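Presented below is the structure to which this report refers.
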Amino acid sequence: MRNPKSLLSSCIRDPKALSTLHALLTVSGTLSSPSSIADSLSRLIFSYARLPDLPSALLLFDSSPHKPISAWSAIIVSHSRHPHHLLGLYHRMISGPTTPDSPIFSVALKACAASSDLDLGRSIWARAVDSGYKGDAFVGSSAVKMFAELGAVEDARRVFEGMRRRDLVSWTSMVSGLARAGFAVDAVETFRRMRSDGYEGDGVAMLALLRACAAVGDLRLGRSVHGRLLRCNVGGSMEIETSVVDMYVKNGEAHLAVRVFEAMRGRRSAVTWGALISGLAQNGLAADALRRLIEMQRLHGLCPDSAALVGALSACSQTGSLESGKSVHGFMMRRLGLGLKPVSVTALVDMYGKCGSPGSAEAVFCQTGAKDPIMWNAMISAYGAHGLGREALSLFLEMREAGVTPDGVTFSSLLSALSHAGMVEEGLAWFKRMVGEFRVRPDERHSACVVDLLARSGRIEEAKRLVDLMEGEPGTAVWAALLAGCQNSKGSETGLAVARRVFEARPDDVGIYTLVSNVFAKAGRWELVAEARKAVKDSGRRKVPGYSAVEVDGAVHGFVMEDKSHPQFGMIKQVLGRLYQQMRRMDCALEEEFEVLDFGKF
DNA sequence: GTGAATAGCT
């Protein structure tokens, strides 16, 4: 018969000829000759894999009595897109006498990353080290990626530092692994080391670096990366440019993001639009975000995908644009129907909750089968925002019955709901259980909720004791809750003491000085009021005005403190006056003054 | 036909 190698080369990519050859080789027993033909066996396996016909590749591999390392390598590498089967073959191999080679270790580690199997990943890496592959650039890069992706960042670092020789890919695997794991500062630092080692970084490295710049908020570095992309002409790819838009957005530079976006005219995908829309929303430019969503469809004929719609929903939540939110919801249902992703459902629940429609939030929530923890949290918050403490609590209990573990955010939402509904005892009890039973470490938000809970019901002394027990200096939210409580309870000594303490700590947040000086004023300590005002003035900062918004017949009206420019100001003031009288009759604790203002329509 | 990534989102 002809030389199998030449036969093989004549029939590569021809399935019929391949199977004939396979039969021929098997029958003639050629495959049992180990030396010269081993190479043909692995090439044949790869040929089947390329078709792709993995069952035949496996059949051929299994029918061969001799399985040289090259054949194992071929069959395992051929299963790269099927991590589960790949790892099965790996196990078969190591239970025999053959030692894996570099390609096998690389793809096996990669498969562990894909199937999130950290334990197996560790044992494969240990075997690779025993077999002398500790310094191998290929095996090392796979191990770095696997460890970083599965949360074992320290192991990733150890592997990386132990590599004999580092090349572009191994450097990039470390930079990207750190960026992905949230160690943005370290990612940037590693990139600097990479450059001093002589590697400039290609498109892949730039994507990782931009992600790190976005996360770490390093605008200077981000700009310099952007500059280098422009100079080196690497910036041509849509993915990289979209990442640049995202990087500026995450650094709070919406104007620069828009500029880059405009320069991409003609090379923008739905993802690019989505990055801009959600970015504008994140930067408080809700109206721009919604305008862009319409522009994308009407002027450019692009269909927004779920991420763009989620960005738009977040814009609606901020401005209270219920009508816009509803139409985004309608569009989602028409486009995506029942296949809504959990993030989309959560965004809808959040939007309805913040736009004053807890009932609609509930409807969306209840219609969804598989609920993730974030969705539960959003629904509990929606109840809380409307003072529906009972509903929030019973949903929380339902969540536990469904076997979902509450996290820190869940308790923030629950405590805040209980506090707004005045359910003091329940709130305190759940805070205790949160710490004792659920082992959730209280953060600033939890403490602020509990302090608020106590302070609202006039238990200022207890609130203060809790603050004193907190480790470290309490943050602004805690002080604000305590001071707000002191403001309502009349002329307490504790209030004055707390206000002095906060004032002396000179917090950065300007808003808190208002609360401080209100407490001073209530105690009649006008000299302290003057001092507090002076401190704010000297700091040169201005308080960012708080505002609220309401939608009437599709137009959104925003209201801020100390401005009377709304065209219907007089009427609004009258209505509020009536409400005030009613509330007084109902014996509600009231702010003594209220002013309503408008900063125009959005 | 061994390794890095394929953007945006609660």
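Naming convention: chains lettered A, B, ... in sequence-line order (proteins, then strands); numbering from 1 in each chain. No experiment lies behind these values; they were computed from the predicted model shown.
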Would you list the atom pairs, donor with acceptor, under 3.5 Å between side chains in residues 272-280 of chain A and any protein atom, with sequence neighbours excluded?
from    : atom 1 : to      : atom 2 : distance (Å)
T272(A) : OG1    : T242(A) : OG1    : 3.1
T272(A) : OG1    : S269(A) : N      : 3.1
T272(A) : OG1    : S269(A) : OG     : 3.2
S278(A) : OG     : G274(A) : O      : 3.0
S278(A) : OG     : A275(A) : O      : 3.4

Please tabulate, one pair per line, all N/O donor-acceptor pairs under 3.5 Å involving side-chain atoms of residues 69-79 of chain A, not counting sequence neighbours.
from   : atom 1 : to      : atom 2 : distance (Å)
S73(A) : OG     : D101(A) : OD1    : 3.4
S73(A) : OG     : D101(A) : OD2    : 3.1
S78(A) : OG     : A74(A)  : O      : 2.6
H79(A) : ND1    : I75(A)  : O      : 2.8

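As a whole-Å value, the separation of I240(A) CD1 from dA5(B) C1' is 10 Å. Summarising the geometry, the separation between CZ on R81(A) and C1' on dG1(B) is reported as 14 Å, rounded to the nearest angstrom. For the pair W273(A) CH2 and dC9(B) C1', the interatomic distance rounds to 18 Å; values are reported in whole Å. In this structure, M238(A) places its CE atom 12 Å from P of dA7(B), rounding to the nearest Å.
Listed pair K145(A) / dG3(B) fails the phosphate criterion, with no side-chain N or O lying under 4.0 Å from OP1 or OP2. For the pair R180(A) and dT6(B), the criterion of a side-chain N or O lying under 4.0 Å from OP1 or OP2 is met. In terms of phosphate contacts, K341(A) brings no side-chain nitrogen or oxygen within less than 4.0 Å of OP1 or OP2 of dT10(B). Contact check, K250(A) against dC9(B): a side-chain N or O comes under 4.0 Å of OP1 or OP2.
Nucleic acid contact for V271(A): base, since at least one base atom lies under 4.0 Å from a heavy atom of the residue. Residue contacts shown for A137(A) include a base, since a base heavy atom lies under 4.0 Å away.
Residue D350(A) has its side chain nearest to dT10(B) when only dC9(B), dA5(B), dT10(B) are considered. Checking dA7(B), dT2(B), dT6(B) against every side-chain atom of R211(A), the shortest atom distance belongs to dT6(B). For P103(A), whose side chain is taken as the heavy atoms from C-beta onward, the closest listed nucleotide among dC9(B), dT2(B), dG3(B) is dT2(B). Distance from the side chain of Q282(A) is smallest to dC9(B) among dG3(B), dC9(B), dA7(B). Distances were taken from every side-chain heavy atom of R50(A) (C-beta onward) to each of dT2(B), dG1(B), dC9(B); the shortest belongs to dG1(B).
E362(A) and Y383(A) form a side-chain donor-acceptor contact under 3.5 Å, judged by distance and modelled atom types alone.
Among all heavy-atom pairs drawn from P100(A) and Y90(A), the shortest one is CG-CE1, 4.1 Å.
Qualifying side-chain hydrogen bond (donor to acceptor under 3.5 Å, both in side chains) partners for R127(A), counting only residues two or more places apart in sequence or in other chains: none. Residues that satisfy the ring-ring contact (aromatic ring centres under 6.0 Å, His included) test with F438(A), not counting sequence neighbours, are F411(A).
Evaluation of the salt bridge (Lys or Arg N to Asp or Glu O under 4.0 Å) test over residues 155-173 of chain A, restricted to residues two or more places apart or in two chains, returns R122(A)-D155(A), E154(A)-R157(A), D155(A)-R158(A), R157(A)-D186(A), E161(A)-R166(A), E161(A)-R193(A).
Contacts between residues 158-177 of chain A and DNA chain B, defined by a heavy-atom separation under 4.0 Å, are made by D167(A), V169(A), S170(A), T172(A), S173(A), S176(A).
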